[in-house]
Number of protein chains: 2
Amino acid sequence: MHFGELIKTIKERREIMQVTQETLAELSGVGLRTLKQFESGKGNPTLRTLQKLADVLGMEIYLKLKNVSHR
Amino acid sequence: MHFGELIKTIKERREIMQVTQETLAELSGVGLRTLKQFESGKGNPTLRTLQKLADVLGMEIYLKLKNVSHR
DNA sequence: CTCCGAAGTGCATTTTATAGCTCTTTTTTG
DNA sequence: CAAAAAAGAGCTATAAAATGCACTTCGGAG
C-alpha cells in the first residue's frame with residue numbers, strides 16, 4: 001500500500017467506526033493536530049504513531065512480500 | 001505485526017537478499033545511521049523511511065483488520 | 001592471534017514530526 | 001437557511017527522527 005492508500009484506509013476505518021478525529025485522537029493517545037495532518041495527507045507519521053492509530057481501529061500493520069511476477 | 005517483528009522482518013529480508021546495511025542504505029536513499037539504528041531496535045522510523053526500505057526489499061506495507069474474535 | 005568487513009554506538013547538527021491553541025472552512029443536522 | 005459539529009490550517013514550541021563522521025565491537029577467514 002502506498003502512502004495515500006494507508007491514509008485512506010485509516011480514515012475510512014475511522015468513519016466506519018463512526019468515530020471523530022477528536023475521539024480517535026483521545027483513544028489512541030495521538031495528538032489531534034497530528035491526526036488531522038495525517039488524514040489530510042500532510043503528514044509523515046512515525047511508525048509508533050501509526051501503530052497507536054491502528055491499534056484503536058482494530059487494525060494491524062503488516063510487511064509482506066510483493067508479487068514478484070515481472071509482468 | 002508489532003514493532004519488533006517489523007524490524008525483524010526487514011532485517012531478515014535484507015539478509016536473505018544478501019545485502020549489507022550499507023548497500024541497502026544506498027539503494028533505498030535512507031541514511032546508513034538511520035538504518036543501523038532501526039535494525040538495532042533503537043529507532044522509530046517515519047512511514048516514509050520504512051517505505052523506502054520496504055521498496056528496495058520488494059516488500060509492501062499493509063494495514064489490515066485484526067481478527068476481532070474476543071476469545 | 002590478527003586482519004577485515006559488517007554491525008553497533010557516541011556526538012553534534014539539521015530537519016521535521018508531535019502537539020496545543022486559535023481560527024477558518026466544510027459538512028451535517030434540524 | 002441557520003446552528004452545530006467536524007475537519008482543515010496557521011503559528012509556534014519542543015521533542016525526536018534523520019544523517020554524517022569517527023570510533024568500538026563482533027564474527028569469520030586465514
Side-chain angles (χ1 to χ4, degrees), chain A residues 1-70, chain B residues 1-70:
Chain A
M1 294 173 97
H2 292 297
F3 213 86
E5 294 175 273
L6 289 170
I7 294 176
K8 199 159 156 268
T9 302
I10 290 281
K11 183 163 185 164
E12 285 176 357
R13 174 69 180 153
R14 177 177 65 74
E15 285 166 352
I16 285 171
M17 290 179 79
Q18 301 204 294
V19 177
T20 63
Q21 290 178 340
E22 194 166 358
T23 303
L24 176 56
E26 282 163 10
L27 293 176
S28 64
V30 169
L32 179 57
R33 196 73 208 331
T34 302
L35 176 58
K36 282 176 182 299
Q37 252 170 5
F38 174 53
E39 279 197 10
S40 61
K42 286 167 189 157
N44 176 26
T46 62
L47 192 46
R48 286 190 207 287
T49 294
L50 187 59
Q51 277 196 323
K52 284 184 197 168
L53 297 175
D55 275 353
V56 173
L57 295 174
M59 305 191 87
E60 203 176 356
I61 301 172
Y62 257 84
L63 258 180
K64 71 167 234 197
L65 279 175
K66 268 188 208 159
N67 228 345
V68 199
S69 60
H70 291 295
Chain B
M1 293 174 97
H2 291 297
F3 213 87
E5 294 175 272
L6 290 169
I7 293 176
K8 197 158 156 269
T9 303
I10 290 281
K11 183 164 186 164
E12 285 176 357
R13 174 69 180 155
R14 177 177 64 75
E15 285 165 352
I16 286 171
M17 290 179 79
Q18 301 204 294
V19 178
T20 63
Q21 290 179 340
E22 195 165 358
T23 304
L24 176 55
E26 282 164 10
L27 293 176
S28 64
V30 169
L32 178 56
R33 195 72 212 323
T34 303
L35 176 56
K36 282 176 182 299
Q37 250 169 6
F38 175 53
E39 279 198 11
S40 61
K42 286 167 190 158
N44 176 26
T46 61
L47 192 48
R48 286 190 206 285
T49 294
L50 187 59
Q51 276 195 324
K52 284 183 194 169
L53 297 175
D55 275 354
V56 172
L57 295 173
M59 305 190 88
E60 202 175 357
I61 300 172
Y62 255 84
L63 259 180
K64 72 166 233 195
L65 278 175
K66 270 188 207 160
N67 226 346
V68 199
S69 58
H70 291 293

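Residue numbers start from 1 in every chain, and the chains themselves are labelled A, B, ... in the order their sequence lines are given, proteins ahead of strands. Any value given below was found using the heavy atoms of this structure, including those in side chains, with hydrogens, waters and symmetry copies removed.
- Note that OH of B:Y62 and CE of A:M1 are 7.0 Å apart. Values are rounded to the nearest 0.5 Å.
- The stretch residues 20-35 of chain B comes close to DNA chain C through B:T20, B:Q21, B:R33, each having a heavy atom under 4.0 Å from the strand.
- Contacts between residues 51-58 of chain B and DNA chain C, defined by a heavy-atom separation under 4.0 Å, are absent.
- Scanning all heavy atoms of the two residues, the minimum distance from A:G31 to A:A25 falls at C-CB, 4.2 Å.
- Other residues, nucleotides and ligands place more than 12 heavy atoms under 6.0 Å from the CD atom of B:E5.
- The environment of B:E15 atom CD is dense: over 12 non-hydrogen atoms of other residues, nucleotides or ligands sit within 6.0 angstrom.
- The NZ atom of A:K8 sits 13.0 Å away from the CG atom of B:L63 when rounded to the nearest 0.5 Å.
- B:L24 contributes atom CG, which lies 11.0 Å from atom NZ of B:K36 (distance to the nearest 0.5 angstrom).
- Using a 4.0 Å cut-off on heavy atoms, the residues of residues 5-19 of chain B that approach DNA chain C are B:K11, B:R14, listed by number.
- For the segment residues 37-48 of chain A, residues with any heavy atom less than 4.0 angstrom from an atom of DNA chain C are, sorted by number, A:Q37, A:N44, A:P45, A:T46.
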Candidate pair A:K11 and A:L57, rule side-chain contact (heavy atoms from CB on, under 4.5 Å), full reasoning | CA-CA 10 Å; A:K11 183 163 185 164; A:L57 295 174; over 6 Å; no
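- Scanning all heavy atoms of the two residues, the minimum distance from A:M59 to A:T9 falls at CE-CG2, 3.7 Å.
- At distances below 3.5 Å, at least one donor-acceptor pair connects side-chain atoms of B:N44 with backbone N or O atoms of A:R48.
- Think of the region where chain A sits on DNA chain C: with heavy atoms and a 4.0 Å cut, that region ends 5' and 3' at C:dA17 to C:dC21.
- Of all heavy-atom pairs between A:P45 and A:F3, the closest is CD-CZ, 4.0 Å.
- Where the helix from C:dC1-D:dG30 to C:dG30-D:dC1 starts and where it ends, the local axes point in directions that differ by 60°; five pairs per end, rounded to 10°.
- The heavy-atom pair separating A:Q21 from A:R14 by the smallest distance is N-NH1, 3.4 Å.
- Across B:G41 and B:I7, no two heavy atoms sit closer than the pair CA-CD1, 3.7 Å.
- Taking CE of A:M17 as the start and CG of A:L27 as the end, the distance is 8.5 Å to the nearest 0.5 Å.
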Take A:E26 and A:L32 through the test side-chain contact (heavy atoms from CB on, under 4.5 Å) and record every step on the way to the result.
-> CA-CA 8 Å; A:E26 282 163 10; A:L32 179 57; over 6 Å; no
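- Interatomic distance, CZ of B:F38 versus CG of B:L50, reported as 5.5 Å (0.5 Å rounding).
- The CG atom of A:L53 lies 6.0 Å from the CG atom of A:L35; values are rounded to the nearest 0.5 Å.
- Considering every non-hydrogen atom in both B:S28 and B:V56, the closest pair reads CA-CG2, 3.5 Å.
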